[in-house]
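Everything on this sheet refers to the single structure shown next.
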Amino acid sequence: MNAAIIVAAGTGSRFGSDVPKQFLEVAGRPIVVHAISTFERATSIDSVIVVVSEDRVGYATDLLSKNNFTKVTAVAVGGDTRALSVRSGAGQLPEEAQIVLIHDGARPLLNIGDIDAVINAAKSKGAACLVAPVTETIKRVENGIVDATVDRSPLRRALTPQAFRRDVFEAMMESGDSGLATTDECMLAERLGFEVAAVEGDSANIKVTHPHDLLTVEAFLRSNG
């Protein structure tokens with residue numbers, strides 16, 4: 001059994017909107033609904049836990065009901081940090097879940113093939129990080145001056161979902177370092193000494209961070225039905 005925790009508890013303060021970005025509508029549906037829909041269609045996923053802020057629980061429950069999601073088994077209340085939100089979602093995992101996936105609720109352009117790929121890698125290695133190439137030239141800057149141009153060939157952007165075998169995930173949750181996983185969970189797995197497989201994913205799988213990202217997402221969704 002494989003379960004996904006979708007983290008959608010952020011306030012979106014950097015986005016500059018009164019509505020958290022994951023609940024903004026794009027191509028006719030909230031961003032988080034697009035994300036959940038991909039997991040709903042994936043035959044490799046059996047359970048989905050959605051983590052939202054306390055003031056969004058009622059709204060999220062109604063939203064899930066309206067979209068007839070059959071795999072969502074729980075709506076969990078998130079914490080003040082990403083790590084606390086993931087921990088809250090972990091408390092709702094089915095006992096039978098052997099692979100746990102963590103996905104950003106603000107990433108609506110995930111494809112099913114990438115879900116399957118990180119699951120298979122986690123089964124083999126224990127932990128897997130979906131990644132994409134860094135395509136822009138990277139400069140190292142010191143005190144406002146370009147110090148060097150960084151070789152980007154070994155660099156990758158971390159995407160989600162990231163997947164973990166249940167024993168690895170539980171070790172991460174029990175670690176006193178769990179609060180250090182501020183941006184992604186694989187960072188914590190790395191710190192604990194677990195090998196993390198890098199799985200090349202679709203570069204279109206962007207995280208909505210700025211208002212102009214909505215235009216990119218909408219264009220992609222409409223062109224791909």
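Model, not experiment: these values are computed from the prediction. Start at 1 with the first residue, then count along the sequence.
- For the pair Ala27 and Arg222, the tightest heavy-atom approach, listed with the atom from each and the gap, is CA-NH2, 3.5 Å.
- Take Glu200 and apply the side chain to side chain donor-acceptor pair (under 3.5 Å) test, not counting sequence neighbours, and it matches Arg156.
- Lys71 and Arg41 get closest at one heavy-atom pair: NZ-C, 4.5 Å.
- In this structure, the separation between OG on Ser124 and CD1 on Ile119 is 14.0 Å, given to the nearest 0.5 Å.
- With respect to the salt-bridge test (charged N to carboxylate O, under 4.0 angstrom), the residues Arg166 and Glu170 qualify.
- Thr209 contributes a side-chain N or O that, together with a main-chain N or O of Lys207, makes up a donor-acceptor pair within less than 3.5 Å.
- Annotation: Leu215, atom CG; neighbour count of heavy atoms from other residues, nucleotides and ligands within 6.0 Å is above 12.
- Contact detail for Ser37 and Arg29: the closest heavy-atom pair is OG-NH1, 3.2 Å.
- Asp80 CG: 12 or fewer foreign heavy atoms inside a 6.0 Å radius.
- Looking at His34, its side chain does come within 3.5 Å of a backbone N or O of Val26 through a donor-acceptor pair.
- Salt bridge Arg82/Asp104: present, at least one basic N to carboxylate O contact under 4.0 Å.
- Val150 belongs to a hydrophobic cluster whose remaining members, ordered by chain and number, are Val134, Ile138, Leu155; membership requires side-chain heavy atoms of ILVMFWY residues under 4.5 Å apart, directly or through intermediates.
- When each of Leu188, Ile5, Leu101 is paired with Phe169, the side-chain contact (heavy atoms from CB on, under 4.5 Å) condition holds for Ile5 and for no other.
- In terms of modelled atom types and a separation under 3.5 Å, the side chain of Arg165 and the main chain of Ile99 share no donor-acceptor contact.
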